[in-house]
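Worksheet: one structure, shown below.
Within every chain, numbering begins at 1; the chains are lettered A, B, ... in the order of the sequence lines, protein sequences first and strands thereafter.
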Amino acid sequence: MSHLIKLIFNGKEYETSSGVLKNIIRELGIDSKVVGGKIGNKTLVDLFYEPNDGEQIELITIDSPQAMPLYRHTMAHIMAQAIQRLYKGVKFAIGPTIENGFYYDVDLPKTLNEDDLKLIEKEMNKIIEEDISLEHFVMKRDEAIQYFEEKNQPYKVELIKDLNTETLSIYRQGDFTDLCRGPHVPSTGLVKNFKLLSVSGAYWRGDEHNKMLQRIYGTAFYRKEDLGAYLKMLEEAEKRDHRKIGPQLDLFSLHPDVAPGMIFFHPKGTIIRRELEKFWREEHTKAGYVEVITPMVMNETLWRQSGHWDHYRDNMYFTEKEEQSYAIKPMNCPGHIMIYKTKSHSYRDLPLRMCELGTVHRYERSGVVHGLFRARAFTQDDAHIFCAQKQIESEIVGIIDLIDKTYKLFGFPYKVELSTKPDDAMGSDEIWEASTTALKSALEHLGMEYQVNEGDGAFYGPKIDFHVRDSIGRTWQCATIQLDFLMPERFDLNYTGSDNIEHRPVMIHRVIYGSLERFIGILIEHYAGAFPAWIAPVQAIVLPISEKHVEYALKIGKQLEDSGIRVEIDERSQKIGYKIREAQLKKVPYMLIVGNREMESDSIAVRMRSGKDLGSMKVHEFIEKISEEIKEKYQKSIFEVK
RNA sequence: GCCAGCGUAGCUCAGCUGGUAGAGCAACUCAUUCGUAAUGAGUAGGUCUAGGGUUCGAAUCCCUACGCUGGCUCCA
C-alpha cells in the first residue's frame, strides 16, 4: 500500500493521497496564497509538482521570502514573453533568478536601450494584467529538440542536447513556451512589483569565445515597499559611490590617461590611509608580528620557482635591465620566503609571523578596473605565518581575533566561509584533512557560524574568507586566510624540530583589510564620506563669525593643533551660514563657531555635522572630549554616545 | 579583451533637423563683517577627448583611436 503524503501549512499537518499539488490543495481548501512548497530543507517545488508517496512538503505562500525564486523566475518569463511580442526573431538563452532579481539572456538583432526597457516594462504589465495561467508539461527529448528547432530557438536546442535526461520540463504561458526546470507561480497575474534595471552584454555560457548576447537585468519583490526599498538602496549606493565622493572630498584622484587603474592619494586621503596603517601596526605588534619591507621588483627566476610564472604570468608586469628579466611583484609571499631562508630555523622560532604593507601590481583587463575597488596597483596588509602543522589552529584563532577587532572598529558585521579541497588540489589527503579540520576547529573554538564551500579552496590549501556587510547592506570580501603547503615545498623551507630532524613548515597567507585602497573605498561608501573622527582628515574646523573673530579663531586652532587634533580655520570673509554649509558638505565632524559671545567667555560654540547644535563649551572641555573620541576610535560622536 | 551607452570650463549640465560655444556652482578681484546649510557685483576660464573624413561650413554627420560607465570574465 502506498504511504500518504504529508503537507505542512501554518504549523498544521495534512495527510493526503497522490495527485498534483495544485489539486490536492484545492481539495483541502487551503489558502489560495500557496504557490509552492519545500521538500526537506532545500528543494523548491511549485503547484505543478506531483508529490511522491511518503514525501513531506512544507507549503509556502507567495508573500513569504521563500517564494521569491518562484516570483522572480516567473517575472523573467514574463519579460521574455514581452520581448517575444515586441521584437521579431528573438532567440532565448537562459533566464535565471539571481540574488536581488533576475535576468534573461537574449539574442536579438536590435540592440536594446533604456527606451526599449520602458517598452518591455509596459508590455510586461499588460501580460500581468492578462493574468495568464501557466501550464506545465513534459516533452520527450526528440520531441523537444524538434519543437525548439521549429521555433528557431538554437540555444534551447543546445541546452536540451547537453542535458542527459529523456524528458524535459516545459512551461507555457499563453503565446510563450520555454524550456524550464521551474518552479513558477501558477499565473502571471500573481506577480506585480518589478523594475527592469539595465541591459548589458554577456557571453553565451559565459565563454568569451561564444557569441555575445544581450542580458536584461530586472528586479522584483512581492511587496511594493520592498521593491521601493531596494531601488532606494541602489540610489543610495550611487550617491555613496566612492569614485564620486572621493574626489569631492579631495581624498584621491584617478588619471586613467597617465596611470590607468592606479590611485593618486591626495593629502586628505593619505591621512585616512595612514590612520588605518597606524592602527594596523599597533595591533600587529601586539599580536606578535614582525614587519618587513621587500623589493618591488624581483628577478623572473624567483617567480618561476614560486610558480607564479606558470600560473599568474598574464597578470604580471615585467621589465628588463642588463639582459635580465624582472617582474614587478604581484604578491608578497616570495619576498617573505627569501627572508625566511636567510637562516636555519628551529621549532623555537615558530610561529614566525611576518607582515608587510606590500604594494603589488597586477595587470587587470581594461574593462574591469573600477576606482579603488579594483586597481592595478594596490597595497595589501599582508602577512605570512610560518608555523608547524600543529600550530595552525591556534594561529587561525589569533588571526580571527585580529579580524574581529578590526571589523568591530568600523561596525562591520561579517560572514565567514570555509572553502575546502578542490579537484585539482596538490598535497596529500592527510594534510588536507588535517588542515581543514584545524580551520574548522578554530572556527568552532571561537563559536563562529560559517558556511562551507566544498571544493572552493585554492589548489595549494583550504581557506577562510570574511565578508563584511556595510551600512546599506552590501557585502564585500575583505579578509582571507589561506593555508599553503605548496610554497614551503617549492622553496624547500625547513625548520629543525625538537626531535632534531628537519620538518616542513606550513605557510598561512592572510590579509585583514584586504587591500588598503579597496578598504578605503568600502569605508567611503559605508560612511558616505562622514568618517568617524579618528580617521576624518579634518576633525574640527573653526569658523569665525566675522573678521573681528579671526584672531581668536587662530588661537583656538592653535590650541587644538597642539593637542594633536587635525583642525582647519576658515578665515574667509563669508557669512557664517556659508562656512557651515561648506564644512557640512566636507563632512567635518565638528564645527567650532566663534563670535563675540565666545570670545568674551573663552569658549566655542560646537555644531556637529549631523546638524545638531551643542551650544557653547569651554575649549579645554571640547579638547578633552574629542581627544577621547579619537583615542578610543569611537564610531559615533562622543556627544551622541554619552 | 568583448557588447552597449557616453566623452562640451575644475564640477553638474544646456547646445533642436550642421551656420564658427552657453548656464549654475567652484576659482579670482572688489565691496560686505554678517550667529548655525549658499551676501552682492565684476573678471577670467573651452583645439567641444584625439586624429582623419564628408561639407562652403562640424561640438553636431561618418570612420579610427583613447578614456569613462554598466555588464561578461576575473579578482583584494
Give a yes or no on whether a salt bridge exists between A:R240 and A:E236, defined as a side-chain N under 4.0 angstrom from a carboxylate O.
yes
Check the interface with nucleotides 6-14 of chain B: list each N/O to N/O pair with the protein under 3.5 Å, or write none.
none

Any pair counted as salt bridge (charged side-chain N to carboxylate O under 4.0 Å, His left out), so long as it reaches residues 398-420 of chain A, sequence neighbours left out
A:E283-A:K405, A:D404-A:K408
For residues 566-591 of chain A, which residue pairs qualify under salt bridge (charged side-chain N to carboxylate O under 4.0 Å, His left out), counting only residues two or more places apart or in two chains?
A:K268-A:E568, A:E275-A:R566, A:D570-A:R572, A:R572-A:E582
Which pairs count as salt bridge (charged side-chain N to carboxylate O under 4.0 Å, His left out) when at least one residue sits in residues 592-617 of chain A, sequence neighbours excluded?
A:K555-A:D602
Cation-aromatic face contact A:R72/A:F221, 6.0 Å, 45 degrees:
yes
Of all residues at least two apart in sequence or in a different chain, which pass the salt bridge (Lys or Arg N to Asp or Glu O under 4.0 Å) check with A:R376?
none
Who passes ring-ring contact (aromatic ring centres under 6.0 Å, His included) against A:Y103, sequence neighbours left out?
A:Y217
Checking base pairs now: Watson-Crick or wobble, both atom distances under 3.5 Å. What partners B:A31?
B:U39
Considering residues at least two apart in sequence or located in another chain, which fulfil the salt bridge (Lys or Arg N to Asp or Glu O under 4.0 Å) criterion with A:E277?
A:R273, A:R274
Near RNA chain B, under 4.0 Å by heavy atom, which residues of residues 572-583 of chain A?
A:R572, A:S573, A:Q574, A:K575, A:I576, A:G577, A:Y578, A:I580, A:R581
Could you tell me which residues satisfy side-chain hydrogen bond (donor to acceptor under 3.5 Å, both in side chains) with A:S419, sequence neighbours excluded, listed by chain and number?
none
Please list, chain by chain and in numerical order, all residues satisfying side chain to side chain contact (heavy atoms under 4.5 Å, CB included) with A:E454, sequence neighbours excluded.
A:T420, A:V452
If you look at every strand shown and take non-hydrogen atoms under 4.0 Å, does A:E598 touch a base, only sugar-phosphate, or nothing?
base
Any side-chain N or O of A:K612 under 4.0 Å from OP1/OP2 of B:U36?
no
Heavy-atom contacts, protein to nucleotides 67-73 of chain B, under 4.0 Å, summarised as B (base), S (sugar-phosphate only) or - (none) per nt, yield SSSBBBB
Considering just the side-chain nitrogens and oxygens of A:R607, establish if one lies under 4.0 Å of OP1 or OP2 belonging to B:A37.
yes
Taking only nitrogen or oxygen atoms into account, show me every contact under 3.5 Å that the protein makes with nucleotides 40-50 of chain B, one pair per line with its distance.
none

